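Following: one structure in structure tokens, then a few remarks.
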Amino acid sequence: MEKKTVFSGIQPSGELHLGNYYGAIQNWVRLQDRFDCVYCIVDYHAVTGRTGRESDKFQDPRHESLATMSVQMAGDLMACGIDPRRSILFVQSHVPEHTELAWVFSCVASHGDLTRMIQFKDKADRSDYVSVGLFIYPVLQAADILLYRAAKVPVGEDQVQHLELARRIGRRFNTLVGEEYFPEVEAELTAGKRIMSLADPAHKMSKSLGDKHYVGLMEEPDAIWKKVRSAVTDSGEQVGGEMSPGVANLFEILRLTGAVDDVVDGFKAQHAAGKIRYGDLKTAVQDHIMRVLDPIRERRSRMSDDEIRDTLAAGAARASEIAKATMAGVRARVGVGPPPR
RNA sequence: AGGCCAGUAGCUCCAAUUGGUAGAGCGCCGGACUCCAAAUCCGGGGGUUGGGGGUUCGAAUCCCUCCUGGCCUGCCA
């Protein structure tokens, strides 16, 4: 029996961090065993964050180009265990059918639905310039997914609304053409606790919060140690009380990075007894983070940009095959394209 | 399409005595204190005043123009 297709995308937004790794990427790696996976570096999505301000000009030298960042991202993903021989790894803009299908979908999607997207409302409120692209973002996302007739899309909580829209768009397209052209997409909610910011454990780890809030996968050990050492804890005075969010986060990182039960239990017992030394806990956390990151950094350092570019070209070729077929079917059903003889 | 108002540090600003050295709070960076942090204290960096042009010895301030946002009116007759 044929394996189902999984699609997922990530913006080439620079360096991956621990939150990305345990929130998404590690899951991507595992899914490769059970599904045909299509992993896409969505550079056109990243363009929505690059308009408006003077500092966001496309050619501004203060920004790396998205092309450069896409290559970096691909390298990082492979270092994390995305295997381009098993999965299709490519860059969105290398397969133009994404934007082509997005146009068709923008004629299928409901304006009202789009105005209800909380992520749009959120970002629009915080921007001084709101492009149509930002508004249409979920439509392009729907195109990304359905272009490969994906059955499953691993998403975080914040993306379920967009995925629901993709389902609606697919269904409506099917209704319009009178056949089940696009399969029903299923969200695969990525479970598990999220890693929180080190400096502000009330928020999920994110680069946008600031430098000291996240641990980059490719960062130097001493840079990481500086961040781990300065992570928020508590005054440690309530014996046996609730664990503070910052401390709980450190325990979570310890667990995720594969600390053996003895180590975790030992610290837990000390914490319960009110005798824990957070300095020691942090040393252990650092130690385990580096155990995970060292081999990743090592693999990454052995890759050349040329090698990555070749891999992405091959990935784009494989993706194109599927995308072209889907798009040909769409054109035929919409009634555009070269006339049939 | 026209009219009116607005844009000052990463963020928030009725700071800038009305043409004379660009400020505050928060955040950020460094230090002290902490087992590590937080809080607190001490210190520090940071802005082509939305962009461009002009007037002037001198412009955040006056003029022109463009950009972005908001409000009002019109257009489609």
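Proteins come first, then strands; the chains are lettered A, B, ... in the order of their sequence lines, and each starts at number 1. As the structure is a computational prediction, the values presented were derived from the model and not from experiment.
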Between [N] and [M], how far apart are the two [atom1] atoms, rounded to whole Å?
{"N": "B:rC72", "M": "B:rG10", "atom1": "C1'", "answer": "34 Å"}
{"N": "B:rG20", "M": "B:rC14", "atom1": "C1'", "answer": "23 Å"}
{"N": "B:rU48", "M": "B:rG58", "atom1": "P", "answer": "23 Å"}
{"N": "B:rC26", "M": "B:rA39", "atom1": "C1'", "answer": "16 Å"}
{"N": "B:rC62", "M": "B:rU68", "atom1": "C1'", "answer": "23 Å"}
{"N": "B:rU8", "M": "B:rG51", "atom1": "C1'", "answer": "15 Å"}
{"N": "B:rC4", "M": "B:rG47", "atom1": "C1'", "answer": "29 Å"}
{"N": "B:rC67", "M": "B:rC11", "atom1": "C1'", "answer": "22 Å"}

Checklist entry - Do we get A:K152 above A:F7's six-membered ring, with its NZ or CZ under 6.0 Å from the centre and within 45° of the axis? => result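 Ring-cation test returns no.
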Would you find more than 12 non-hydrogen atoms of other residues, nucleotides or ligands less than 6.0 Å from A:E321 atom CD?
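Incorrect, the count does not exceed 12.
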What is the pairing partner of [N], taking Watson-Crick or G-U wobble pairs with both distances under 3.5 Å in any strand?
{"N": "B:rC26", "answer": "B:rG10"}
{"N": "B:rG69", "answer": "B:rC5"}
{"N": "B:rU34", "answer": "none"}

query: Between the side chains of A:H213 and A:S197, is a donor N or O closer than 3.5 angstrom to an acceptor N or O?
result: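 Yes - a donor-acceptor pair under 3.5 Å links their side chains.
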* Asked: With no hydrogens and no angle check, do the side chains of A:D144 and A:Q92 hold a donor and an acceptor under 3.5 Å apart?
  ->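 Indeed, the side chains of A:D144 and A:Q92 share at least one donor-acceptor pair under 3.5 Å.
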inquiry  = Students often mix this up, so state it plainly: with edges at 30° and 60°, are the rings of A:W28 and A:Y39 parallel, tilted or perpendicular?
reply    = parallel
Open item on the list: Can you classify the ring geometry of A:Y148 versus A:H98 as parallel (below 30°), tilted (30 to 60°) or perpendicular (above 60°)?
Closed with: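 Tilted.
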Comparing nearest nucleotides in RNA chain B, the 5'-proximal residue of the pair A:S230, A:A199 is A:A199
Per the side-chain contact (heavy atoms from CB on, under 4.5 Å) rule, which among A:V285, A:V247, A:L281 passes with A:F267?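 Exactly one pass, corresponding to A:L281.
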Between [X] ([atom1]) and [N] ([atom2]), how many Å, whole number?
{"X": "A:R277", "N": "B:rC35", "atom1": "CZ", "atom2": "P", "value": "7 Å"}
{"X": "A:I276", "N": "B:rA37", "atom1": "CD1", "atom2": "C1'", "value": "13 Å"}
{"X": "A:Q286", "N": "B:rA37", "atom1": "CD", "atom2": "P", "value": "13 Å"}
{"X": "A:K227", "N": "B:rA37", "atom1": "NZ", "atom2": "C1'", "value": "17 Å"}
{"X": "A:K282", "N": "B:rU34", "atom1": "NZ", "atom2": "C1'", "value": "10 Å"}
{"X": "A:M243", "N": "B:rA38", "atom1": "CE", "atom2": "P", "value": "20 Å"}
{"X": "A:L281", "N": "B:rC36", "atom1": "CG", "atom2": "P", "value": "14 Å"}
{"X": "A:F267", "N": "B:rC35", "atom1": "CZ", "atom2": "C1'", "value": "12 Å"}

- Query: Is it true that A:E157 and A:R194 make a salt bridge, defined as a side-chain N closer than 4.0 Å to a carboxylate O?
  - Reply: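 A salt bridge is absent here (no side-chain N lies under 4.0 Å from a carboxylate O).
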Looking only at B:rA38, B:rC36, B:rU68, the nucleotide nearest the A:V232 side chain is B:rA38
>> The criterion is side-chain contact (heavy atoms from CB on, under 4.5 Å); which residues satisfy it with A:V132, sequence neighbours excluded?
In response: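 A:V132: side-chain contact (heavy atoms from CB on, under 4.5 Å) contacts with A:I136.
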Please write out each protein N/O paired with an N/O of nucleotides 30-32 of chain B under 3.5 Å, distance rounded to 0.1 Å.
residue: B:rG30; atom: OP1; partner: A:K226; partner atom: NZ; Å: 2.9

Check RNA chain B against residues 201-213 of chain A and give the residues with a non-hydrogen atom under 4.0 Å, in numerical order.
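A:K212 - these, ordered by number, are the residues of the stretch whose heavy atoms sit under 4.0 Å from the strand.
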Any non-hydrogen side-chain atom of A:R297 less than 4.5 Å from a side-chain atom of A:P221?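 SC-SC contact between A:R297 and A:P221 confirmed.
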Salt bridge (charged side-chain N to carboxylate O under 4.0 Å, His left out) with A:E184: of A:R171, A:R149, A:R168, only one passes, and it is A:R171
